[in-house]
Amino acid sequence: MEPLSSPLSDALVAAVSWLAIAALAMVPAGNAFFARRLAFPLGALIGLALAGFGLQSIWLHAEQLTLPLGLPDLPFHLRIDPLAGFFLLLLGSVSAGVSIYATGYFRDETAGRLVLIALQYHLFLASMAFVILADDAYLFMVAWETMALSSYFLVTTDHKLPAIRSAGFLYLLIAHLGAIAILLCFGVMNGGKGDYTFDALRTAELQPQWATVAFLLAFFGFGAKAGMIPLHAWLPEAHPAAPSPVSALLSGIMLKTAIYGMIRVIYDLIGNVRWEWGMLVLVIGTGTTLFGVLYALMQHDLKRLLAYHSVENIGIILLGLGMSMVFVGFGHPAAGALGLIASLYHTLNHAVFKGLLFLGAGSILHATGLRNLNDMGGLIHKMPHTAFYFLVGALAISALPPLNGFVSEWLTFQTALQASILENGVVRSLLPLFAATLALAGALTAMCFVKVFGIAFLGRPREARHAAPDAAGDRGRDAGMMERFGMAWLAAGCFVLGLFPTSFLLMLNRVAVSLTGQGLREGAVQSNWLWLVPVESERASYSPIVFLIVIVSVTLLTFILVRRFYHGRVRYSEAWGCGYSELTARTQDSADAFGQPIRHVFGPLYLMKRHMPGPEDPAPRFSLKIEDRHWYWLYLPVAHLTEYVSSKIALLQQGRISVYLLYSFLTLIALLVFVR
């Protein structure tokens with residue numbers, strides 16, 4: 001029996017506490033007082049506790065526990081190890097910030113809606129915790145499906161809108177296709193032995209071809225939930241449909257449970273990682289990265305833009321994971337551990353800064369009712385706190401030092417530079433090319449968020465009706481106190497993860513050792529806190545503290561020199577209007593204009609529909625719509641084929657009992673003839 005204070009039992013109590021909050025939220029006594037005032041703050045405290053339990057378990061040996069629940073001869077098994085502890089840390093720390101934010105965001109909801117949101121919200125958190133803690137296929141699938149269903153109801157909160165219902169249906173459809181693949185993967189690994197505990201799956205000896213089948217099923221199943229191409233179609237539809245705190249959970253945490261499942265199955269349960277699997281992951285990861293950032297650049301809807309950036313960052317995570325698998329498959333576990341660490345670091349980083357960006361987008365939507373960038377402008381004057389926190393997230397996702405996004409992408413580059421140790425010349429030459437796509441994606445991401453921040457927060461309001469306050473005087477009001485606390489928590493995470501990477505390298509090295517059997521070299525793990533040295537110090541080193549000191553010093557020196565030598569000599573005059581006598585909001589760059597160079601270069605990748613205004617238009621205005629070619633290449637053909645097959649099968653439904661009896665009789669004859 002496990003001690004009462006073990007990290008596993010504590011994590012179980014935290015997950016059950018989320019379930020208890022979900023149940024208590026259904027009691028609407030006092031106009032849903034518990035759901036409105038207590039549920040989300042308590043959920044945040046539980047998240048902080050769970051993060052602490054997860055961090056503790058990273059440094060301890062694996063623990064297991066069997067619960068007296070489940071089916072006869074199929075009890076629920078729980079396990080916590082360094083990998084599970086890391087993802088519990090991610091789940092708890094990020095959900096804490098989102099829950100604090102949700103306390104203020106949902107304060108104006110009606111009692112009926114709020115009760116349902118609080119129920120589904122905390123059930124969603126608890127199900128993700130049980131996915132991470134599960135140690136058998138049965139509990140894993142129960143928790144996985146609970147996670148899918150609870151998130152579906154959160155996505156369709158505004159279910160009266162047809163577009164919301166359509167987005168929810170697409171999400172649920174792809175989620176269940178992925179779940180079927182995961183279930184088949186567990187069946188392949190089990191081999192018909194009847195024991196679905198993860199310990200039994202670890203010890204199963206699979207033939208190489210069956211191991212490959214299990215890998216492909218796991219990669220497809222978890223990739224559908226993660227949002228990799230071509231299974232990404234649900235993501236840019238569901239994220240804009242959901243309330244903003246839910247979008248932060250979906251992108252920041254739920255996508256990472258798919259990464260957890262992928263790593264758990266491939267590295268832990270299947271084992272014997274092959275380099276060919278890694279090459280497939282690299283190819284898909286590269287395509288996902290470029291596709292996500294290129295389509296993000298074309299978006300006007302802020303939440304839809306952030307959703308495509310989630311696709312891009314899943315691709316970056318897959319790049320690090322694929323490189324790790326290639327090195328491990330070729331017998332270089334130390335380099336493989338570096339790739340795995342880079343992938344896990346970016347998993348955590350993306351959870352933090354993407355959660356922050358979705359919360360910032362939620363504050364804009366909550367205050368102005370706007371999601372279209374072309375309708376925004378000048379928001380920094382009325383929403384300075386939101387602007388600052390959004391800027392931190394934008395700098396982090398753009399991988400600019402000394403924030404956290406730079407560290408994980410830099411580690412991914414360092415992994416690619418280890419290609420010289422590979423024996424296969426083709427693979428050795430391809431890894432730097434994959435890294436080059438990451439560099440291109442980083443530059444395009446920075447360009448995209450220059451567009452977002454410049455158009456949304458700077459300049460003048462682009463629509464006159466959005467410049468003035470509404471009837472309540474709230475147009476453009478800044479985020480409330482609780483919303484700001486939630487964003488500040490995640491913004492602080494961007495700085496901590498960026499400025500102190502060596503501490504997290506120690507933690508992630510423990511995870512890598514538990515999965516690959518070998519971690520980084522001893523000198524890298526025990527390096528000085530000031531310098532991050534993933535390989536030999538002669539080859540690569542990075543100090544975010546020194547980088548920050550240089551940035552601050554140069555900024556202060558420039559400020560002092562300008563004031564010392566040029567103060568008082570500046571001549572003030574009207575800005576040159578490029579020949580225009582009057583500058584208005586209509587003369588500012590739009591989101592369409594900002595992305596025009598990218599549309600010219602990568603035009604064949606887009607399906608563009610333009611509307612040019614004519615003299616007969618009462619309100620002439622140019623419009624551009626970018627559509628995803630995957631809809632026409634994959635999804636619509638499959639939908640049409642399904643409809644055709646269904647129409648033919650429907651012919652069997654004659655509505656006559658005599659015909660149905662004939663079907664039964666023919667089925668019985670066939671069974672007697674062919675089944676022996």
Side-chain angles (χ1 to χ4, degrees), residues 43-44 47-48 50-51 54-55 58 83-102 124-125 128-129 131-132 147 151 222 225-228 235 239 242 244-263 292 306-307 309-318 320-321 340-362 389 392-399 403-409 411-412 445 486-498 501 504 507-508 511:
L48 290 176
L50 186 65
L55 179 62
I58 294 175
L83 178 64
F86 169 75
F87 279 91
L88 289 176
L89 169 64
L90 183 154
L91 168 62
S93 57
V94 176
S95 67
V98 177
S99 294
I100 294 172
Y101 179 92
F124 183 39
L125 292 177
M128 289 190 287
V131 166
I132 297 171
M147 177 182 72
S151 57
F222 291 113
K225 181 69 75 175
M228 71 181 190
L235 209 147
H239 281 51
S244 294
V246 176
S247 299
L249 290 183
L250 289 173
S251 183
I253 303 176
M254 190 192 72
L255 301 187
K256 309 310 179 300
T257 63
I259 298 299
Y260 164 78
M262 196 179 294
I263 295 174
L306 294 177
H309 273 296
S310 294
V311 175
E312 175 220 353
N313 280 274
I314 288 297
I316 295 174
I317 293 169
L318 292 179
L321 192 62
L340 183 59
I341 288 172
S343 180
L344 291 173
Y345 209 135
H346 198 76
T347 299
L348 179 58
N349 287 340
H350 178 250
V352 173
F353 60 63
K354 183 53 64 64
L356 174 59
L357 289 170
F358 267 114
L359 297 186
Y389 294 130
V392 172
L395 294 175
I397 196 175
S398 300
L403 295 175
N404 57 339
F406 175 82
V407 178
S408 52
E409 292 195 21
L411 289 173
T412 305
T445 300
M487 289 189 286
W489 172 262
L490 296 178
C494 292
F495 282 102
V496 171
L497 288 166
F504 293 95
M507 176 182 68
L508 293 173
V511 180

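One is the number of the first residue; the rest follow in order along the sequence.
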Do the side chains of [Y] and [X] get nearer than 4.5 Å, heavy atoms only?
X      : Y      : value
Lys256 : Ile317 : yes
Phe358 : Leu249 : no
Phe353 : Asn313 : yes
Glu409 : Asn349 : no
Phe504 : Val496 : yes
Val352 : Val94  : yes

For this session: Please name the residue in the list Ile253, Leu344, Leu348 that meets the side-chain contact (heavy atoms from CB on, under 4.5 Å) test with Phe87.
Result: Leu344
Exercise. Under the criterion side-chain contact (heavy atoms from CB on, under 4.5 Å), which of Thr257, Val131, Leu50 is the partner of Leu91?
Worked result: Leu50
Seminar exercise, completed: Contacts of His346 meeting ring-ring contact (aromatic ring centres under 6.0 Å, His included) (sequence neighbours excluded), chain-then-number -> none
Exercise. How far apart are the C-alpha atoms of Val392 and Met487, what are their side-chain angles, what is the distance that settles it, and do they pass the side-chain contact (heavy atoms from CB on, under 4.5 Å) test?
Worked result: CA-CA 10 Å; Val392 172; Met487 289 189 286; over 6 Å; no
Non-hydrogen atoms of [X] and [Y] that approach each other most closely:
X      : Y      : result
Ile100 : Ala44  : CG1-CB, 3.7 Å
His239 : Ala307 : CB-CB, 3.8 Å
Pro501 : Val407 : CB-CG1, 3.7 Å
Ser95  : Leu125 : CB-CD2, 3.8 Å

Working to the nearest 0.5 Å, report the span between [atom1] of [X] and [atom2] of [Y].
X      : Y      : atom1 : atom2 : value
Met507 : Ile341 : CE    : CD1   : 10.0 Å
Thr412 : Leu321 : OG1   : CG    : 10.5 Å
Ile259 : Met228 : CD1   : CE    : 9.5 Å
Leu55  : Phe86  : CG    : CZ    : 11.0 Å

Exercise. With distance as the sole test, does Tyr101 use its side chain to make a donor-acceptor pair with the main-chain N or O of Leu359 at under 3.5 Å?
Worked result: yes
Problem set entry | Partners passing side-chain contact (heavy atoms from CB on, under 4.5 Å) against Ala488 (at least two apart in sequence or in another chain) | Tyr389
For this session: Verify side-chain contact (heavy atoms from CB on, under 4.5 Å) between Thr445 and His309, making sure each step is shown before the conclusion.
Result: CA-CA 8 Å; Thr445 300; His309 273 296; 3.8 Å; yes
For this session: Check step by step if side-chain contact (heavy atoms from CB on, under 4.5 Å) holds for Tyr260 and Thr347.
Result: CA-CA 10 Å; Tyr260 164 78; Thr347 299; over 6 Å; no
For this session: Carefully, step by step, assess Leu255 and Ser310 under the rule side-chain contact (heavy atoms from CB on, under 4.5 Å).
Result: CA-CA 9 Å; Leu255 301 187; Ser310 294; 4.0 Å; yes
Seminar exercise, completed: By side chain to side chain donor-acceptor pair (under 3.5 Å), Ser247 pairs with (sequence neighbours left out) Lys303
